[in-house]
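Predicted, not measured: the structure shown is a model, and the values here were computed from it. Whatever order the structure lists ligands and atoms in, that order sets their numbers, starting from 1.
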Amino acid sequence: MQHLFRSIPALDKLLKTVQGQQLILQFGHQAVVEQIRSLLAQIRQEIHQTHALPDICQSNEFLLNRVEELLSKKKNVAIKQVFNLTGTVLHTNLGRGLWSENAIQAATQAMKHNVALEFDIEAGKRSHRDHYISQLLSEITGAEAACIVNNNAAAVLLILATFAQGKEVIISRGELIEIGGSFRIPDIMQQAGCKLVEVGTTNRTHLKDYRNAITENTAFLMKVHTSNYQIQGFTANVSEEELVALGKEFNLPVMSDLGSGSLVNMQALNLPAEPMVQDKVLSGVDLISFSGDKLLGGPQAGIIVGKKSLISQLQQHPLKRVLRCDKVILSGLEATLRQYLFPEQLTHSLPTLQLLTQKLDELNQKAEQLKASLYKQLDSRYILQIEPSLAQIGSGALPTEQIPSIAVTISSANQRDLLELEQQFKNYPNPMITRISQQKMWLDLRSVGQFDELLEMLNEN
Ligand SMILES: *Cc1c(COP(=O)(O)O)cnc(C)c1O
C-alpha cells in the first residue's frame with residue numbers, strides 16, 4: 001500500500017502549479033492550503049479503506065478542480081432563494097412574506113449609506129430611532145405613539161416586563177395561546193416575572209370573571225387574539241370595549257396582542273376577517289401589539305401602538321435597548337408603512353396582499369404555463385393536472401380560513417415516484433418547495449412570489 005500513499009501529490013507541489021497559484025489569488029493562501037490538506041487527508045483514508053488510488057489522484061488538475069469546487073461552495077449562501085409552492089403565503093419556515101419594492105430600496109440604501117436614524121436633520125440634533133415610524137403609525141392608526149422592537153413576541157415581553165413585573169395580569173383561559181416556535185403566553189409571562197391570573201373557562205369568559213379577579217396587585221387586563229384556532233359552539237368572550245370600561249373603573253390599562261393584525265379591512269378584499277389595529281385604537285385599548293411581517297407585509301418587527309405615556313415608559317425600559325431594531329429593518333418598515341398612505345394601491349404595492357388577492361383566472365393561466373414547463377421535464381410515470389386547491393395565509397392566521405386557489409398536481413401509480421420527484425425539485429438551483437397530500441404532489445400557484453423566475457429556471461434545467 002506504501003506505493004499508493006506515495007502517489008498522492010504533495011501539498012507544496014500542488015501550490016506551485018499554475019492552477020494552484022490561481023486558486024491562491026482567488027481565495028487566499030490559508031483557505032487553499034486548508035482545503036488541500038483536508039482533501040489529501042480524505043484521500044489517505046480512502047486508500048486505507050479501499051486499497052486503491054481514488055480517481056481524483058489521476059492528475060493535479062483533477063485534484064485542484066475539486067479544490068476549486070469545494071472552495072466555491074463555501075462562498076454560496078445556504079439560506080438560498082426557494083420557490084414557495086406550498087400554498088401557505090406567509091410560511092414562517094420560508095421566511096414569511098416578500099418586501100415591497102419601496103421597502104427593498106429603502107433598506108438597501110440604509111445598508112450602503114449612513115442614514116438619519118437618530119438624527120433630526122432640520123434641528124441638527126439627536127432624535128429617536130422610532131420617531132418617524134411613530135408619527136406614521138399615528139397618522140395611519142389614530143394611536144398617540146408607537147414603539148418598535150424585533151418581533152411581536154418581543155413586543156409582548158417588553159409590555160409585560162415594563163408594566164407587570166412582580167404583578168398580576170388577568171387573561172381569559174380561552175386566550176392562553178401557543179403559536180409555532182414555542183411562543184406560549186404563560187411562558188412569556190414567567191420570563192417577564194409576572195403572575196398569570198387565568199379567568200373564565202376554555203369556552204366561556206364573562207366580564208364578571210375579570211372583575212372578580214382584580215386585586216390591588218393587578219397590573220393590567222390582557223386580550224390575546226386567538227389567531228391560530230377557533231372556539232366554536234357554546235362560547236362567550238369579552239370585547240375590548242367592555243374590558244376598557246372595566247379598566248377605567250379600576251384605573252387599569254388594557255393591552256391587546258393582535259398577532260398579525262391588519263391595517264386594512266381584509267373582508268373588503270374578499271379575504272378572511274382579521275382584527276384591524278385602527279378599530280382597537282378606537283375601542284380605547286391602551287396598548288396594541290402586532291407583527292411587522294405577517295399581514296402588514298413588511299420586515300420582521302414587533303409594533304406596539306397606544307397611549308403616549310405608556311409608550312414612553314416602554315421606550316425607557318432597559319429591555320427596549322436589547323430588543324430594538326436596526327437601521328435596515330426600520331427603513332424597510334417605514335417604507336412599507338408609507339404604502340398604507342395610498343390604500344387603493346396596496347394590492348399592487350405590497351406583494352403579500354397582491355398574492356392573496358390574485359384572481360383565479362390569473363392563477364389558472366400561470367398553472368397552464370407551469371404545467372407545460374413541467375411536462376417537458378417529467379417522464380411518462382407522472383400525470384399532470386390542473387386542479388382547484390385551498391391556500392392559506394399562514395403565520396398563525398386562522399388555518400381553518402382557506403382561500404380558493406389553483407394548483408398543478410402531479411400523481412403517479414407508484415408513491416415512491418413522488419418522493420423521488422420531491423427530491424429532484426429540492427435539488428434545483430433554487431429549490432421548489434411543494435406539498436404532498438392525498439397521494440398527489442400539489443404545486444399551489446397562490447404562494448409563488450417570482451413566477452417568471454420559476455419558469456425561467458425550469459426551462460433552463
Ligand atoms: C404570531 C403571533 C405572535 C408572535 O409574533 P412574531 O412577530 O412572530 O414574534 C404573538 N401573538 C400572536 C397572537 C400571534 O399570532
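The protein heavy atom nearest to atom 15 (O) of ligand 1 is Ser227 OG, 2.7 Å. Nearest protein heavy-atom neighbour of atom 1 (C) of ligand 1: Lys294 NZ, 1.4 Å. Annotation: atom 4 (C) of ligand 1 to nearest protein heavy atom, Ile179 CD1, 3.3 Å. Atom 11 (N) of ligand 1 has Asp257 OD2, 2.7 Å as its closest protein atom, hydrogens excluded (heavy atom only). At the shortest separation from atom 12 (C) of ligand 1 among protein heavy atoms lies Gly259 CA, 3.3 Å.
The side-chain heavy atoms of Val169 and Val197, taken from C-beta on, include no pair separated by under 4.5 Å. Counting only heavy atoms from C-beta outward, the side chains of Ile403 and Leu390 never approach each other to under 4.5 Å.
Lys223 has a carboxylate O that lies under 4.0 Å from a charged side-chain N of Glu175, or vice versa, which qualifies the two as a salt bridge.
Here's the thing with Ser260: none of its N/O atoms is less than 3.5 angstrom from an N/O atom of ligand 1. Between Asp293 and ligand 1, not a single N/O pair is under 3.5 Å apart.
Residue Ala153 has at least one heavy-atom neighbour below 4.0 Å for each of these atoms of ligand 1: 4 (C), 5 (O), 6 (P), 9 (O). Atoms of ligand 1 found under 4.0 Å from any heavy atom of Ser291, numbered from 1 in the order shown, are 5 (O), 6 (P), 7 (O). Within ligand 1, the atoms closer than 4.0 Å to a non-hydrogen atom of His225 are 13 (C), numbered from 1 in the order shown.
The option from Thr226, Leu296, Asn152 that lies nearest to atom 5 (O) of ligand 1, judged by heavy atoms, is Asn152.
Within the structure, the closest approach of Glu175 to ligand 1 does not fall below 4.0 Å when heavy atoms are considered.
Looking at Lys223 against ligand 1, nothing comes within 4.0 Å, counting heavy atoms.
Within 6.0 Å of atom CG in Asn114, 12 or fewer heavy atoms from other residues, nucleotides or ligands are found, so the atom counts as exposed in its surroundings.
Each of Glu387, Gln438, Gln439 was checked for a side chain to side chain donor-acceptor pair (under 3.5 Å) with Thr409, and the lone residue meeting it is Glu387.
A cation-pi geometry, defined here as NZ or CZ lying under 6.0 Å from the six-membered ring centre and within 45° of its normal, does not hold between Arg126 and Phe119.
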